[in-house]
> 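Dropping a structure here in structure tokens format, bear with me for questions.
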Amino acid sequence: MTTETLARPDIVLTGRKVVGGVAEGEALVTRDTISGWGGVNAMTGTVIESRHELRGQSFAGKILVFPGAKGSSGWSAVFHMARLAGKAPRAMLFNVMTTKAALGAVVMRIPAVTDLDRDPLDVIETGDRVRVDGDRGVVEIWKAGARPG
């Protein structure tokens, strides 16, 4: 389902551009920070961190919504490998701007927005349809339960 088949978004957030571009897809949301080095299988885009709430789930092709990155500077290398393997998220939204999170978005070449006017973890749920316009810093959300059909 694309925005052309949907009515107006249920929620619109505005924030600060990290990486430009536009992407749309299903949200994958976590309140846990993500460790790139040792926490993600770059070849599948799957979270493998043992105590992470997304353990066993892949962010490939999703809009990844998370508080931020943790761990070493290996984060960017792992996410670069995920991009090369075709397993990167379509876009990222995060609360805490760190060099790890920003560099991850840059090396994956995906739209990313931070410093949103509302906490995305409070308004976006896994399964919601999300459109990220990194150029304008605008995030449109269609709630999963509100979709027609």
> List the atom of A102, the atom of M97, and the distance in Å for their closest heavy-atom pair.
CB-SD, 3.8 Å

> Taking the side chain as every heavy atom from C-beta outward, state whether M43 and K87 have any atom pair closer than 4.5 Å.
no

> Kindly compute the distance separating CZ (R118) from OG1 (T14), expressed to the nearest 0.5 Å.
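R118 atom CZ to T14 atom OG1 measures 10.5 Å (nearest 0.5 Å).
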
> In the structure I gave you, are the side-chain heavy atoms of M92 and I110 within less than 4.5 Å of one another anywhere?
yes

> Does one hydrophobic cluster hold both I11 and V113, with members joined at side-chain heavy-atom distances below 4.5 Å?
yes

> Is any side-chain heavy atom of V22 less than 4.5 Å from a side-chain heavy atom of P111?
no

> Any chain of hydrophobic side-chain contacts (each under 4.5 Å) joining F94 to L116?
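No; L116 is not reachable from F94 via cluster members.
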
> Would you say the side chain of L54 lies within less than 4.5 Å of the side chain of F66, judging by non-hydrogen atoms?
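F66 does not reach L54 side chain to side chain.
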
> I need the minimum non-hydrogen distance between P89 and L64, along with the two atoms involved.
CB-CB, 4.1 Å

> Please answer: with hydrophobic residues joined when any side-chain heavy atoms are less than 4.5 Å apart, are V18 and V132 in the same cluster?
no

> Got a second to check how far D119's CG is from L13's CG, nearest 0.5 Å?
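Going from CG on D119 over to CG on L13, the span is 9.5 Å.
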
> Quick check against the 3.5 Å criterion: does W142 have a side-chain atom that pairs as donor or acceptor with the backbone of A7?
yes

> Does any N or O in the side chain of R90 come within less than 3.5 Å of the main-chain N or O of E24, such that one atom is a donor and the other an acceptor?
yes

> For D10 and K143, indicate whether the former's side chain and the latter's backbone hold a donor-acceptor pair under 3.5 Å.
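Present.
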
> Please determine whether residues V123 and L93 belong to a single hydrophobic cluster, defined as Ile, Leu, Val, Met, Phe, Trp and Tyr linked transitively by side-chain heavy-atom distances below 4.5 Å.
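Cluster IDs for V123 and L93 match.
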
> I'd like a table of donor-acceptor pairs (distance under 3.5 Å, sequence neighbours excluded) in which one partner is a side-chain atom from residues 27-34, with atom names and distances.
residue : atom : partner : partner atom : Å
T30     : OG1  : D32     : N            : 3.0
T30     : OG1  : E53     : OE2          : 2.5
R31     : NH2  : L121    : O            : 2.9
R31     : NH2  : D122    : OD1          : 2.8
D32     : OD2  : E53     : N            : 3.1

> Would you call the rings of F79 and F59 parallel, tilted or perpendicular, where under 30° means parallel and over 60° means perpendicular?
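Rings of F79 and F59: parallel, as their planes differ by under 30°.
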
> Look only at the side chain of S58 and the backbone of T44, and say whether a donor-acceptor pair between them is shorter than 3.5 Å.
yes

> Donor-acceptor pair, distance only, cut-off 3.5 Å: does the side chain of R55 make one with the backbone of V47?
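Flag not set: sc R55 to bb V47 has no pair under 3.5 Å.
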
> Please report the interatomic distance CD1(I48) to CG(N41), rounded to the nearest 0.5 Å.
5.5 Å

> Mind checking the CD1-CZ spacing from I63 to R131? Nearest 0.5 Å is all I need.
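CZ of R131 is found 10.5 Å from CD1 of I63.
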
> With heavy-atom distances below 4.5 Å as the criterion, would you say the side chains of V19 and R109 are in contact?
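A side-chain contact is absent here, since even the closest heavy-atom pair is not under 4.5 Å.
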
